[in-house]
Amino acid sequence: MPKKSESRYIKNIKSAAKKLKSERGITQTQALDKISQDHGFENWRAFGAHIVDSEQANKPLPVPQLSLEFVNDPDVEFDESDFDDLEEDENREISTQAKEIVLSNLRALAKAGVEFSIFEPTATGLKKSILDATQPVRTHFELEGFHNYEFQGQGPDHKVMKVAYFANNDDFKKTTMSLYRPNTKKGDPRMWFRGLGEFVTAGDQIAIVIVDGSACLINLSVHDLKKDLDDHTSRLCELINQYNKKENEVFDELLEKLKELAKSPLENLRKGDTGVGFTVETRLGIEANSSKAPDYHGIEIKSGRSQTRTTLFAQVPDWTLSSCKKSAEILDKYGYARDDDFKLYCTVSTTRENTQGLRFIYDQSNDQVIEVHSSGEDVAVWTGKQLRERLKEKHSETVWIQAESVEINGVEHFQLLTAIHTKAPILSQLMPLIHAGIITMDHLIKRSGKTGRVSEKGPLFKINKKDLDLLFPEPVSYSLK
DNA sequence: GGTACCTGGAC
DNA sequence: TGTCCAGGTAC
């Protein structure tokens, strides 16, 4: 039994036993056992242990208070049933048993040596699809270099979307996470995970672990991590191992897989220009996507049929700063009729005007790239800040794969040749490289003559592969054969 | 359904 | 080199 930190309840029982001892002329132990039996326990040993256990469980869990800050924001509207949910949220109590499970899982996570943060979904939040990004969550995101709300503007234009996962023992469900600050008031940071309601119940304690740049959610109220993390076949165990991997191990693993794929030509899995990227990524087990995040456990993969120019990323202008307010407007003003369609496909650079009369001007004092027309009109504006963010987000680590296109029995195949590994782009060089015309931008806007629909596949910011060393420190080249 | 991204080209 | 272009997905 605890001596020093004995609770008031235990002290009371002991003094009651002392009194009983002198009244009945029995020993202290006999008195304690008698009292224990009155409480339905066999003896003091059992009763005492029960008291300690339940007192332990009644201590607050080392998890953040549930947060319902967002209900005070004017953009969140309430009807009567919402107030019922709110009342439920505010009065919810976590059972002793549930607390024990969570506590044991918290210990297991700490033992595994991962950084994590916790949130508690509320009935109100689940209904409205809103979670407050509380301070502990924000601190965690910042520590992991995952996201910094401090530098994020308010409103939907600044919303950030990321890939996230609902992690279970047997499978990971891929989902989308949004991080944003509403326009209301100070714009208290919020987040949401698409489909969260199917993964959690209000009142659960959910851990966020950042693995390879993605948030992975583990429901601490339903798992037994102590067991799961010892089971090497469990996906949760795999997740923790992945977290603890050193950066180079992930790259080494990728390189080994690429060498394996380079042993024989790969059959093109999709017709057209984009076949090589689709084929390589598919063979690596990556699904086709339009995510801004890197592809392979935090490493971006670029494949090419030995072409010279490569796309860094796609990014539309800042429409709020631009004269034109959408791609269709740029198309209408500066496009051309070709075949049945109306198109604007062209490269824009600072070095010279293109055939559509478009060029870039670098405004150094404002840290902006401005697209202008020969008529003197401004067309569009990109801020250096946004372009650097995109570059950093997309290319913190990249493998540039060179493949040779070979025809086998009339079908295109790809023979992987070399891989160039780059890390940590020199962000400060992005704007100077645009200024120098080394990085250019392609418009890819088209209005179909048949459907009248406008499609925008860009704008693509591109660089010649031979100039990669101007943007990345020490690119390292590997032969895959 | 429109927009913004992804994956990449040829001549 | 510049001019112009391709098949896809997420929301």
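Order of the sequence lines sets the chain letters (A, B, ...), proteins ahead of strands, with each chain counted from 1. Keep in mind the model is a prediction, meaning the values are calculated, not measured.
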In whole angstrom, give the distance that lies between atom [atom1] of [X] and atom [atom2] of [N].
X        : N      : atom1 : atom2 : answer
A/Phe193 : C/dC11 : CZ    : P     : 14 Å
A/Leu344 : C/dA6  : CG    : P     : 13 Å
A/His443 : B/dT3  : NE2   : P     : 15 Å
A/Asp273 : C/dA6  : CG    : P     : 9 Å
A/Lys302 : B/dC6  : NZ    : P     : 7 Å
A/Arg359 : C/dT3  : CZ    : C1'   : 17 Å
A/Trp319 : B/dG2  : CH2   : C1'   : 13 Å
A/Ile445 : B/dT3  : CD1   : P     : 10 Å

Quick one: is [X] getting a side-chain N or O under 4.0 Å of the [N] phosphate, OP1 or OP2?
X        : N      : value
A/Tyr336 : C/dC5  : yes
A/Arg305 : B/dG8  : no
A/Thr176 : C/dA10 : no
A/Gln315 : B/dC5  : yes
A/Gln356 : C/dT3  : no

- Query: Regarding A/Lys162 and the six-membered ring of A/Phe146, is the cationic atom NZ or CZ under 6.0 Å from the ring centre and inside 45° of its axis?
  - Reply: yes
- Within 45° cone and under 6.0 Å: A/Lys174 NZ/CZ vs A/Phe166 ring: no
- Under 4.0 Å between a Lys/Arg side-chain N and an Asp/Glu carboxylate O for A/Asp85 and A/Lys128? no
Let's see if you can work this out: which of [options] has an atom nearest to the side-chain heavy atoms of [X]?
X        : options              : result
A/Arg390 : B/dG8, C/dC11, B/dC5 : B/dC5
A/Val316 : B/dA4, C/dG2, C/dC4  : B/dA4
A/Lys466 : C/dC4, B/dC5, C/dT1  : C/dT1
A/Lys343 : C/dC5, C/dC11, C/dG2 : C/dC5
A/Val454 : C/dC11, C/dA6, B/dT3 : B/dT3
A/Arg352 : C/dT3, B/dC6, B/dG2  : C/dT3
A/Lys394 : C/dT1, B/dC6, C/dC5  : B/dC6

- Message: Both A/Leu460 and A/Arg453 contact DNA chain B. Taking the nearest nucleotide for each, which residue is further toward the 5' end?
- Response: A/Arg453
- Item | Given DNA chain B, 5'-ward residue of the pair A/Ser455 and A/Glu281, judged by closest heavy atom | A/Ser455
- Do A/Glu253 and A/Tyr296 have side-chain N/O donor and acceptor atoms under 3.5 Å apart? yes
Is a donor-acceptor contact shorter than 3.5 angstrom present between the side chain of [X] and the base of [N]?
X        : N     : value
A/Thr347 : C/dG2 : no
A/Lys457 : B/dG9 : no
A/Arg309 : C/dG2 : yes

For residues 196-204 of chain A, please give each side-chain donor-acceptor pair under 3.5 Å, one per line with the distance, not counting sequence neighbours.
residue, atom, partner, partner atom, Å
A/Asp204, OD2, A/Thr201, N, 2.9
A/Asp204, OD2, A/Asn219, ND2, 2.9

- Message: Short of 4.0 Å, heavy atom to strand atom, which residues of residues 323-330 of chain A count as contacting DNA chain B?
- Response: A/Lys326, A/Ser327
- Residue met sooner reading DNA chain C from 5', once A/Arg270 and A/Asp339 are mapped to nucleotides: A/Asp339
Looking across every strand, which nucleic acid part, if any, lies under 4.0 Å from [X] by heavy atom: base, sugar-phosphate, or nothing?
X        : answer
A/Lys462 : base
A/Asn354 : sugar-phosphate
A/Thr440 : nothing

- Name all pairs fulfilling the ring-ring contact (aromatic ring centres under 6.0 Å, His included) condition that reach into residues 399-429 of chain A, sequence neighbours left out, sorted by first residue then second. A/Phe251-A/His421, A/His395-A/Trp400, A/Trp400-A/Phe472
- Pairs involving residues 325-356 of chain A, ordered by first then second residue, that meet ring-ring contact (aromatic ring centres under 6.0 Å, His included) (sequence neighbours left out): A/Tyr334-A/His373
- Query: Considering residues at least two apart in sequence or located in another chain, which fulfil the ring-ring contact (aromatic ring centres under 6.0 Å, His included) criterion with A/Phe172?
  - Reply: none
- Who are the salt bridge (charged side-chain N to carboxylate O under 4.0 Å, His left out) partners of A/Arg138, not counting sequence neighbours? none
